[in-house]
Number of protein chains: 2
Amino acid sequence: MSPPGGRTPVMADVARLAGVSHQTVSRVVNGHPNVREETVLRVRRAIEELGYHRNSTARALVTRRTNVLGVIAFDTTLFGPARTLSGIERAAREAGYFVSIVSLDDVSPGGVVAAAEYLVEQSVEGCVAIAPQRSLVEALAGLPGPRPLVAVEGGEGSGLPVVCVDQVQGAREAVRHLLDLGHATVHHIEGPPSWLESEARASGWRRELERAGAPVPEPLQGDWSPRSGYDLGRRLVQRRAAGERVTAVFVANDQMAVGVLRALHEAGLDVPGDVSVAGFDDVPEAEFLTPSLTTVFQDFAQVGKESLALLLGRIGAERGGSAPPPGDVRRVVPARLRIRGSSGPPPP
Amino acid sequence: MSPPGGRTPVMADVARLAGVSHQTVSRVVNGHPNVREETVLRVRRAIEELGYHRNSTARALVTRRTNVLGVIAFDTTLFGPARTLSGIERAAREAGYFVSIVSLDDVSPGGVVAAAEYLVEQSVEGCVAIAPQRSLVEALAGLPGPRPLVAVEGGEGSGLPVVCVDQVQGAREAVRHLLDLGHATVHHIEGPPSWLESEARASGWRRELERAGAPVPEPLQGDWSPRSGYDLGRRLVQRRAAGERVTAVFVANDQMAVGVLRALHEAGLDVPGDVSVAGFDDVPEAEFLTPSLTTVFQDFAQVGKESLALLLGRIGAERGGSAPPPGDVRRVVPARLRIRGSSGPPPP
DNA sequence: GACAACAGTGTTAGCGCTCACATCACACAT
DNA sequence: ATGTGTGATGTGAGCGCTAACACTGTTGTC
C-alpha cells in the first residue's frame, strides 16, 4: 500500500511493480484476453498491494464515454418522481452507468435551461427528464441540451421519446367505477395547471363523463398538497350546502384526497355514505386511511426502468452509427384501479 | 455552428476561429483577468458560433478535481431520505458540485461496500452517506471507501463526522407532552431493529418514562410501513381487550401512525378520546388526517444543507493541506413537537 | 536612458489512460 | 530453410485541457 512518493498510484506504478508495461496492466484491468495467466496474477497482486484504482477521468477522456447519465427532475420529494428516480437509478447501475441528478427549484423555463446546460457541462451520455409539465418538456425539446433525451410523462408532439403512465385510462376507470356505483356524476379536484398529469387526468374524467352522458361539473384546481385538498374539499361542502348534488369526487392525487376526506369529515359527511372519494397514485398510506382510499395505482418503478431502457437504446444506436430512431416513440405503462372503502353507492 | 469535420468543437477550434492561442481561450472560459476586453469578446463570439462547451473530463484530468460528490442512500422513496437528498443536491449545486447517487437495495454490508467502491471508481471528491443503520455506518467507517465521508443520522463512535436530527429530544418531547396530558404511561411502536432512528426514538421514549417514574410497557416492533402500524395497532387493541391500560401511543413514524389510527378506528376506539397517538416526521399529510396527527417535525432540508457544509469543509481542508479536522464532529439539528388533534387527556 | 514591473499573449509539457501498431517468440505448414 | 499464423507483450501517440513559464510591448521610476 505504498505508492512511490505518496501519490495515488497510477497504472505505471502497478506496471513497474509487476514488471510489465502499463499496457499489460490496462489489459488486465479491462479483462482483455491474451494475457498469460501468470502475468494476470502478478498484476493483480501489484494492484492489490498498491491499492490501485483506475482513474475514471483519464479513461473517460480517451474513450469519450463518461458513463454518466443525467436525470432532471422537478420535485424529488413527491411520491411519483421519487419512485421513478429510484427505478431509473437502479436500472442505470445495473447497466454500469452512474446517475447524476439535478432537481429544479421552480418550473421556469430558465431553470430547465440551466439544468440542461449543467448536465451538458458534465458531459452526460444521455438524460432522462422527469418533466411533468408541458412548458418544461417544450423547453427541453427545443433546446440544444443533453442528448439523447427521454422524457417521463412528457406530452405528445414534443418530438422527444416518452415513457408515461396511462393517466387518461386510469382516470377513466376511476370515474367509470363511480358512475357504475350509481352516481349521477363525478366532481373533480384537479392538479395545478400546466401539469401534464393534471391535464390527462382531467381529460380522462371529462371524457368518461361525456361517454356516459353525465353532466360535467366545474372542476376545482389544487396544487397536489393535502392543504389544497382540504381547502377545495370545503368548497365542495359549500356547494353541497348551496343545493348542488355532490355525491362522488375524483381527486387528482392521494395527498389532496387526504385533505378532502378531512374536510368532508369535519362537515359531518360520511365517506362513502354521503360522498364517495377516489384518489390517484396509490401511496402506501392509501390502504390505511379511514376509510381506506379507492385510488389508481401507477407502476413508477416500471416507468423508471422503461425510460432507462429507451435511453440506453438511443445511446447504443448513436454509438453504433445507425439511423436515429424516430423521436415520437411513446411507451405507455397501464394504470390500475384499486377499489377500497372510500367509494360506494350514492345516498338514496 | 460548424466545427471542422463535424466533430464536437474543442478549444483549439475556438482558438483558430478567434485567431488566438488555445490558452487564451482557456483564460476566457475560466474568467481569468489579464485578457484584453476586445479579445474576450472575439473568443466569446467564436465560442457562440461553434457551440463550444468545455470538456469537463479533460479539465478534471488535469485539475484533479471531478466536481462530483457522491450520495449513498438506503431508500430514497422514504420521506426522510428523499427530503435530505433534495437538500444535499440543492446545496451541492449552489457550491458548483454535481451529485451522483447510489441507492442501496438491501442493507447488507456487501451492498454498502459495493456502493462505496462504485463511488470511488467514479472519483468522487467526497461523499455523504444517508445511512440510518448502525451496520451501514460501521461498514463505511471501516472501509477504504470514498473520503472525505460524512454520515447523516450515523450513530456515535463511528469516527465519522455526523449530522443528525435530535431524535432523542424529539421523542422525549412527544412522550412528555402525552404524560403532561395526564396519561399514566405511553406505549411505543418502534421502527425496525438496527435502525439508528428506531433506537434513538425508543431510547428517548424510555428515558422520558423513567424520568417521570412511569412504567415502561413492552414496545412493539414495526418496519416503518403503514401496514405494520396497522398490524401492531391491532395488537395494542388486543392488549386493551386483555385488560391492559393503553391510553397513549408514541409511534416511531407517521406512516405507521396512519396504520395505528386505522386499527383503533376499526376497533371502535376514539382518538384522542380513548387513546392518544403521536407520530414522528411531520409528513405533509399529518395535519390533514382524521384526527390531525400530533407528531415531531424534522428539518431534513437543514440536515442536507449542514451535511454538505461539513463535507465541503473537509474537502477544503484536505486540499488546503491543513490538518485533518477531528473525525467525531457531530452536528445536531433540533426536532420540534407539533401538537395536533390526535393527543388529548386520557379517559377518566 | 536604463531598468523594473506588469499586462497580454504564446509555447510547452504533461494529467492517466486507451488505441493502433510494432515486436518477438514459437508453433505449424510448406 | 522459408513462410505464415497467432499468442503475449511493448511502444508511441494523443484524448482536451490547465499550469508553468517564456516572451513581447508598454508603462512607470529614478
Side-chain angles (χ1 to χ4, degrees), chain A residues 3-44 46-47 50-68 120-125 319, chain B residues 3-44 46-47 50-68 96 120-123 125 319:
Chain A
R7 293 180 291 96
T8 332
V10 299
M11 223 169 231
D13 298 321
V14 176
R16 207 170 304 120
L17 182 61
V20 295
S21 75
H22 61 125
Q23 180 60 281
T24 299
V25 176
S26 170
R27 281 192 265 257
V28 170
V29 169
N30 292 305
H32 220 83
N34 299 356
V35 183
R36 215 166 10 128
E37 181 101 8
E38 194 240 307
T39 312
V40 173
L41 252 54
R42 222 170 44 216
V43 170
R44 288 249 171 79
I47 286 174
L50 294 173
Y52 169 75
H53 270 281
R54 157 170 82 186
N55 180 319
S56 62
T57 306
R59 181 181 160 79
L61 180 60
V62 65
T63 59
R64 294 146 179 290
R65 297 197 42 187
T66 54
N67 260 284
V68 176
V120 169
E121 204 65 29
Q122 202 192 355
S123 313
V124 296
E125 287 185 40
R319 213 185 312 289
Chain B
R7 292 180 291 95
T8 331
V10 300
M11 220 168 234
D13 298 321
V14 176
R16 206 170 306 119
L17 183 60
V20 295
S21 75
H22 62 124
Q23 181 60 278
T24 298
V25 177
S26 170
R27 280 192 266 258
V28 170
V29 169
N30 293 304
H32 219 82
N34 298 356
V35 183
R36 212 159 20 120
E37 181 99 9
E38 193 241 306
T39 312
V40 173
L41 250 54
R42 223 169 43 215
V43 170
R44 289 250 173 80
I47 287 175
L50 294 173
Y52 169 76
H53 270 280
R54 153 171 85 186
N55 182 319
S56 62
T57 306
R59 181 182 160 80
L61 181 60
V62 66
T63 58
R64 294 149 180 289
R65 298 196 44 187
T66 55
N67 259 282
V68 176
V120 169
E121 204 65 30
Q122 202 192 354
S123 313
E125 285 185 41
R319 210 185 316 286

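Order of the sequence lines fixes the chain letters, A, B, ..., with proteins taken first and strands second; residue numbering starts at 1 for each chain.
Separating the CZ atom of B/Arg59 from the C1' atom of C/dG16 is a distance of 18 Å, rounded to the nearest angstrom. Rounding to whole angstrom units, CZ of residue A/Arg65 and C1' of C/dC17 are separated by 15 Å.
The line from OG of A/Ser123 to CG of A/Leu61 is 10.0 Å long, rounded to the nearest 0.5 Å. One distance of note links OG1 of A/Thr39 with CZ of A/Arg44; it measures 11.5 Å at 0.5 Å rounding.
Between A/Val14 and A/Met11, every side-chain heavy-atom pair lies at or beyond the 4.5 Å cut-off. Two residues are said to be in side-chain contact when any heavy atoms from C-beta on lie closer than 4.5 Å; A/Ile47 and A/Val29 meet this criterion. For the pair A/Arg42/A/Val20, a side-chain contact is recorded, criterion being any heavy-atom separation below 4.5 Å from C-beta on. At a threshold of 4.5 Å between non-hydrogen side-chain atoms, the residues B/Thr8 and B/Tyr52 do not count as touching. Two residues are said to be in side-chain contact when any heavy atoms from C-beta on lie closer than 4.5 Å; B/Arg54 and B/Asn30 meet this criterion.
Among C/dG16, C/dC19, C/dT11, the nucleotide with an atom closest to any side-chain atom of B/His22 is C/dT11.
Along DNA chain D, read 5' to 3', the first and last nucleotides having any atom under 4.0 Å from a heavy atom of chain A are D/dA8 to D/dG16.
The stretch residues 24-43 of chain A comes close to DNA chain C through A/Ser26, A/Asn30, each having a heavy atom under 4.0 Å from the strand.
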Original post:
Checking side chain to side chain contact (heavy atoms under 4.5 Å, CB included) for the pair B/Val10/B/Asn55: CA distance, chi angles, key distance, verdict?
Top reply: CA-CA 8 Å; B/Val10 300; B/Asn55 182 319; over 6 Å; no
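Along DNA chain C, the nucleotide nearest to A/Gln23 and the one nearest to A/Thr57 differ in position, and the one closer to the 5' end is contacted by A/Thr57.
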